[in-house]
Asker: 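Before we start, here is the structure in question, set down as structure tokens.
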Amino acid sequence: MSAWRTSLPQASTAAVQVDHAFFWVLLISGLILFVLLVLIVGFVIRYRRGSPAFRGPLPKSFKHELEIGWTVATTFLAIFIFWWFTAGNGLPPRAAPDQLEVHVVAKQWMWKTQHPDGAREIDALHIPVGRQVRLVMTSQDVIHSFYAPAFRLKQDVLPGRSTELVFTPTELGTFELFCAEYCGTQHSHMKGEIMVMTPAAYRAWLPRQPHGDTLAHEGEALYARFGCGACHAPGSQVRAPKLGGLYMSTVLLRGGASVKADDAYLRTAILEPRDQIASGYDPIMPSYGGVATASDVEALVAYLKTLEKGGEP
Amino acid sequence: MSDVAHPAAPDHPATPGSAVPPDYLHDGHTLRSWLFTTDHKRIAILFALSITLFFFIGAIAISVVRLELVTPAGDLVSDDTYNKMFTLHGIVMVWFFLIPSIPATFGNFLLPLMIGAKDLAFPRINVLSWYLYVAGALLTVVTIIAGGVDTGWTFYVPYSTMFSNTAVLTAAMGVFVNGFSSVLTGVNFIATTHVLRAPGMTWFRLPLFVWAMYATSLVMVLATPVLAMTLLLIVVERWFDLPVFDASRGGDPLLFQHLFWFYSHPAVYIMVLPAMGVASELIACFARRRLFGYSFMVYALVAIAVIGFFVWGHHMFVSGQSPYANVVFSFLSFMVAVPSAIKVFNWTATLYRGSIGFDAPMLYAFGFLGLFTIGGLTGLFLATVPIDIHVTDTYFVVAHFHYIMVGGTVSAFFGALHFWWPKITGRLYPETLARIAAVLMFFGFNLTFFPQFVMGYLGMPRRYHVYPPEFQIYHVLSTSGAALLGVAYVMPLFYLIWSFRWGARAGANPWRAKGLEWQAPSPPPRDNFLTPPVVGEPYDYHPPEGPTAAEEQVA
Amino acid sequence: MDERRREIWIRPLLTWAALCVLLAATCALAYVPMGRANLAVSLAIAAAKAGLVGVVFMRLFENNPLNRLAAAAGPIWIFVMFLLLFSDYATR
Amino acid sequence: MSGAFLKPPFENLERQHVAVSFGMWIFLGSEILLFAGLFAGYGVYRNLCPDGFLAAGRETDIVYGTINTAILMTSSLAIAVAGRAARAGFGKMAWRLLIATIVLGLLFLVLKGFEYREDIEKHLIPGAGFPLAQKGAQIFFTYYWVMTGVHAIHVTCGLIAVGRLAVAGRRNLAWLAGSASEDATALYWHLVDVIWIVLYPLLYLTGRAHG
């Protein structure tokens, strides 16, 4: 039998918070359990059948004061724990300026990650220590869950949608990555490693990777392969919306509504083009739902985000 | 009236000049007289036999799982078999054992007796409810024969609708059909409690077991249909290929989870509320004490049933649900902890100044109390969003819900079985063996599930066929605990069957308990009572006011 | 038609007439562009119709109060379900 | 006469009536939650894909929908009056009204069948060849088929229950007035009507004012 795990590294800022919360809730519930055990065992011994203990009626004050007392106390304690650990920490952290955005695609049964400069990995993720990381994750098939116990992080990865995890690694080393949402036959084989490196080592590591392309470059290639330019290029015969500077601009929709062209909008526009039709254009674009894979869509979106106004493709 | 033993009533107190009706066990001996019965007691027995069968099917499935997990490599069974086994365990144990466990057996048997009625309000619907259970159970058996299903008991989409190539349809239909059995039982219980209480049996004189059945029925009636519809939508998507949850066609897989947990969280209360009712009966009887804070206990039961509907989102903190919804559901989950805590405090306070006996049912009740408390307290961890993010979908959650559903409900089920066994069969069980089984069950349970809390916190994900070797020691402990637990479950099977034939005759009220069911003969005849039962204050074990004779002497 | 027969018919028949008027109204209003209010209006009319059927045809206020309790449970639970469901969908 | 209708475990007829109608009301509460599972999905998807739902809503046949609503409302009237007539001692009239209810219910199903045929001819079944491209339009039609299908099953169950009343009532007209079944069956039939009243705006009135 190999080594016996008795502790888990605290490898992120979140890990410290979670362990802190865990400690206090453990202490509070341990105290409650201890008091109850003492009372139950004490009563059991003192009032066992045949013991000489006094067994008269309860004192009058005992009844309602006690009940109302512990009801109120329990309510306050519950609200207190909620306020202390959830109300403040339940919402995701704010984005840091030097945030590192890594794209993660999950599929049965592997993790594919891609760094901003195009470095690709399978079942592995290298990140520099001390820098905030934002994982943008999507699934190609069923629901998976990105679980890194050492970071105390977990987030389900859904098909047709992207979910995010924002965290800051604080410790160097190699840590486990699991899939925590049951995803089929080889669910328990869907594992990986997260390598936290010094920033210098990360910079040195990046170029040595099986360097695919940057996500945006890959998106550019896909743009050409799918023939998007046939309609979207400035000189095209077909009238289609211009894509330069589209990201984060406000798009007027047919019917008068308007929408901000964020990641979700771009993704929907590729997969379900007739869902939100830009004002002044005909709904003629075909859906790329069955054509572009989840990672293709991520690449296309990354490419669209790089296009400046006027800098048309 | 002080705590004086009732003279043991004869089995059949014959009134002069009238023939004594046969007890329900001897009221017809043909198979037909059982299969077409409308007697709530016989239907309870039919349910008891069927859920026992399914309990063992579920137990065999989990034995394979636990044996596989003795080693970190996947060496005993293939991953596919492993997945089918834990799925089978979940589906069978949740829907074909735990949900009907106490309500359909003890609820069926005792509810009319406890309120002084001859039967449930709709006896034919009651037997229909058993047939629906059987139909659902048969579909589950068909599922097993067809090679099993590997979706997990939660049937999460899109795995269940588009990716699994196992018998999802029959499994889902089995649960669907079984749902109607729950609904009909619930309708029957609610109507019976409202209209068939004996004269003098006011709402605040009802035993807490009846209140628990009432609250449970509320959940059954209002939550189960949503599950039925959700499973139907899975069938529609899988079989007819119509888009419902499919993300590639505009659907939202999280909608499935919302609808599923809208039922499945309250379903936890379908399992545990009856156990709370049982514990209340046992603790009051064996502490010889009026239940502390009766009315608070009632309010707490109803509050748990109602608030239990508002907390389903705490199963979805990492699912991609909005973080704002997480905060709302976290708050509501903390709120449902309050009535649960009140119940534990009141049971403890009931022991104060009691006269506590240690018969087997009471040992089971103590087991329930301890295990339910641990299960409930670990619920606080899971309601706290940051902690839940780390421990959800790990063995921590597995341990938590087993503490509630097995530690709580199954302990109470066995407590009830021993407590009412004399009423059901007219015989006494062997006390020493029963105490050994009760103690064994408590220790076996803790050995099985406590290590799971630890390994869950250390990052062991659930539903894993192979796992990092550093967790092996915990799995070995867990499996050895499961073996003990298995012995503790099988023991009663043997000595109870033995006592059914050779046990000592019980008399009407061997525990000197105060519920109306003890005024009927053991076993009761078709119409339950030979003479109309006399309704008094509930749990009148100890005088509420005024000193007893002994205390007067002291003064 | 004697007096007693008329008494049997009169209230249900009036209710039926009201239901028909409401049906015509909801059908006509559906063609009036009101944006999002179209759904609200048509559901409000549906609720009114359901209320009429419940109160008159199903004699909700002639029988015992228990039935009203049971009848209220369904709508209340649906309300809670939507409230909490949209605590997710409205803030996602 | 009351003895004939009294069933165990009840000891008086009034209590039995209370129990049966209350039991039916609880069951109806459960039925409402069954449809709530569908309403929830409909509500969520209508919110997620409003355009698809409005476009798809225009494709259902409002003529069939409206006529069928009127038919079910009328059948509800018939069975409501049948109950009142039975209790007032007009057994024959009550029996005729039950037959009218059955006829109207069957008419509803027949029209629904014609409507389904028309929907199939227009390829309004989600999948290949579905005419609308907007996101969510197919999901609308999934809900259309499931909602109307589950409702049609309820109509069928209701027809069987009313048919049972009519058969039993034909032999013994007094039975209609005395038995608690009449009340319970009528309640069930009214619920089927109420559900349709809610389905009607969701499936037939959606999107009519747009486009």
Side-chain angles (χ1 to χ4, degrees), chain A residues 1-5 8 17-18 21-22 25 29 32-33 36 39-40 43-44 47-49 55-58 67 70-71 74-75 78-79 81-82 85-87 89-92 141-143 145 147 149 152 154-156 158-161 163 176 178 180-188 272 289, chain B residues 79-80 83 152 156 158-159 163 247-248 250 253 293 296 318-320 323 326-327 330-331 334-335 337-338 341-342 344-345 348 351-357 369 373-374 377 380-381 384-387 389-390 392-393 458-459 461 463-467 469-473 543-545 547 551:
Chain A
M1 220 176 272
S2 61
W4 171 4
R5 182 179 296 191
L8 202 56
Q17 276 179 16
V18 169
F22 190 88
V25 179
S29 51
I32 297 172
L33 186 65
L36 278 169
L39 285 175
I40 292 172
F43 290 161
V44 161
Y47 299 107
R48 68 191 183 279
R49 199 162 291 168
R55 290 191 167 85
L58 300 176
E67 281 190 301
W70 69 43
T71 306
T74 321
T75 312
I79 294 177
I81 302 180
F82 163 75
F85 297 118
T86 293
N89 301 335
L91 300 178
D141 37 49
V142 302
I143 299 178
S145 189
Y147 179 35
R152 315 287 187 276
K154 193 181 287 122
Q155 173 62 55
D156 284 7
L158 304 168
R161 216 186 115 182
T163 50
E176 293 162 312
F178 293 122
E181 183 65 66
Y182 176 69
C183 59
T185 311
Q186 297 198 47
H187 167 56
S188 63
E272 300 283 350
Chain B
D79 38 16
D80 202 34
N83 295 342
Y156 268 20
Y159 186 70
F163 290 86
S248 67
F296 266 63
V318 302
S319 68
N326 285 356
V327 173
S330 167
F331 177 75
F334 275 107
M335 288 301 99
V338 176
I342 289 171
V344 174
F345 297 151
T348 308
L351 300 173
Y352 180 63
R353 294 192 175 178
S355 171
I356 302 167
L369 193 53
T373 306
I374 296 178
L377 286 170
L380 296 178
F381 295 82
T384 307
V385 175
I387 304 179
I389 287 175
H390 172 48
T392 189
D393 281 325
L458 296 176
R463 296 173 169 178
Y464 261 36
H465 173 231
V466 298
Y467 58 87
E470 290 166 303
F471 292 115
Q472 187 176 11
I473 181 85
E545 309 289 340
E551 286 156 17

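Since the model is a prediction, treat every value here as computed from it, not as a measurement. Letters A, B, ... are given to chains in the order of the sequence lines, protein chains preceding strands, and every chain is numbered from 1.
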Asker: Which atoms of Y156(B) come close to chain A, meaning under 4.5 Å heavy atom to heavy atom: side chain ones, backbone ones, both, or neither?
Answerer: side chain

Asker: Strictly distance-based, threshold 3.5 Å: is any side-chain N or O of N83(B) a donor or acceptor partner for the main-chain N or O of T185(A)?
Answerer: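 Checking the backbone N and O of T185(A) against the side chain of N83(B), a donor-acceptor pair under 3.5 Å is found.
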
Asker: Looking at A78(A), S188(A), P159(A), which makes the most heavy-atom pairs under 4.5 Å with chain B?
Answerer: S188(A)

Asker: For the residue pair Y464(B) and F178(A), does the interplanar ring angle fall in the parallel (under 30°), tilted (30 to 60°) or perpendicular (over 60°) class?
Answerer: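 Ring orientation of Y464(B) relative to F178(A): perpendicular.
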
Asker: With a 4.5 Å cut-off on side-chain heavy atoms, are V18(A) and I389(B) touching?
Answerer: no

Asker: Between F345(B) and W70(A), what is the ring plane arrangement, given parallel below 30°, perpendicular above 60°, and tilted in between?
Answerer: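 Taking W70(A) first and then F345(B), their aromatic rings sit tilted (interplane angle of 30° to 60°).
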
Asker: Who among T373(B), T392(B), I374(B) has the most heavy-atom pairs with chain A under 4.5 Å?
Answerer: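 The option with the most such pairs is T392(B).
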
Asker: Looking only at non-hydrogen atoms, find the nearest pair between R5(A) and L458(B) and report the distance.
Answerer: NH1-O, 2.9 Å

Asker: Does Q17(A) reach the side chain of P386(B), with side-chain heavy atoms less than 4.5 Å apart?
Answerer: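 No, too far: nothing below the 4.5 Å cut-off.
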
Asker: Among all residues two or more places apart in sequence or in another chain, which pass the ring-ring contact (aromatic ring centres under 6.0 Å, His included) test with F334(B)?
Answerer: none

Asker: In terms of heavy-atom proximity below 4.5 Å to chain A, should F471(B) be classed as side chain, backbone, both, or neither?
Answerer: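 The side chain, not the backbone.
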
Asker: To the nearest 0.5 Å, tell me how far I79(A) CD1 sits from M335(B) CE.
Answerer: 4.5 Å

Asker: With a 3.5 Å distance limit and no angle check, can you tell me whether K154(A) reaches the backbone of V318(B) through a side-chain donor-acceptor pair?
Answerer: no

Asker: Quick one: ring-ring contact (aromatic ring centres under 6.0 Å, His included) partners of F22(A), sequence neighbours excluded?
Answerer: F381(B), Y457(B)

Asker: Are R152(A) and I387(B) close enough, and set up right, to give a side-chain contact (heavy atoms from CB on, under 4.5 Å), and what steps lead you there?
Answerer: CA-CA 8 Å; R152(A) 315 287 187 276; I387(B) 304 179; over 6 Å; no

Asker: At a 4.5 Å cut-off on heavy atoms, which part of T384(B) comes close to chain A: side chain, backbone, both, or neither?
Answerer: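 Looking at T384(B), backbone and side chain both touch chain A.
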
Asker: Within the distance-only criterion (no hydrogens, no angle test), does the side chain of R48(A) pair as donor or acceptor with the backbone N or O of I356(B) below 3.5 angstrom?
Answerer: no

Asker: Could you check whether any side-chain heavy atom of F296(B) comes within less than 4.5 Å of a side-chain heavy atom of T71(A), counting everything from C-beta outward?
Answerer: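 F296(B) reaches T71(A) side chain to side chain.
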
Asker: Is the backbone N or O of P57(A) less than 3.5 Å from a side-chain atom of R353(B), with the two atoms forming a donor-acceptor pair by type?
Answerer: yes

Asker: Check L377(B) against S29(A) and note the closest heavy-atom contact, atom names and distance.
Answerer: CD1-O, 3.5 Å

Asker: Contact between L351(B) and Y47(A) at the side-chain level, heavy atoms closer than 4.5 Å - yes or no?
Answerer: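 They are not in side-chain contact.
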
Asker: Closer than 3.5 angstrom, by distance alone: can the side chain of R463(B) be matched with the main-chain N or O of H187(A) as a donor-acceptor pair?
Answerer: no

Asker: What are the two closest non-hydrogen atoms of G184(A) and Y159(B), and how far apart are they?
Answerer: CA-OH, 3.2 Å

Asker: Of the backbone (N, CA, C, O) and the side chain (C-beta and beyond), which part of L158(A) lies under 4.5 Å from a heavy atom of chain B, both, or neither?
Answerer: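 Answer is side chain: those atoms of L158(A) sit under 4.5 Å from chain B.
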
Asker: Describe, in one word, how the ring planes of F331(B) and F82(A) are oriented to each other, choosing from parallel (under 30°), tilted (30 to 60°) and perpendicular (over 60°).
Answerer: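 Perpendicular.
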
Asker: If we define contacts as heavy-atom pairs under 4.5 Å, which of I32(A), D141(A), L39(A) has the most with chain B?
Answerer: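 Among the listed options, the one with the most contacts to chain B is D141(A).
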
Asker: Sort out for me which of Q155(A), E67(A), Q186(A), E181(A) touches chain B most, counting heavy-atom pairs under 4.5 Å.
Answerer: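 Looking at each option in turn, the highest pair count goes to E67(A).
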
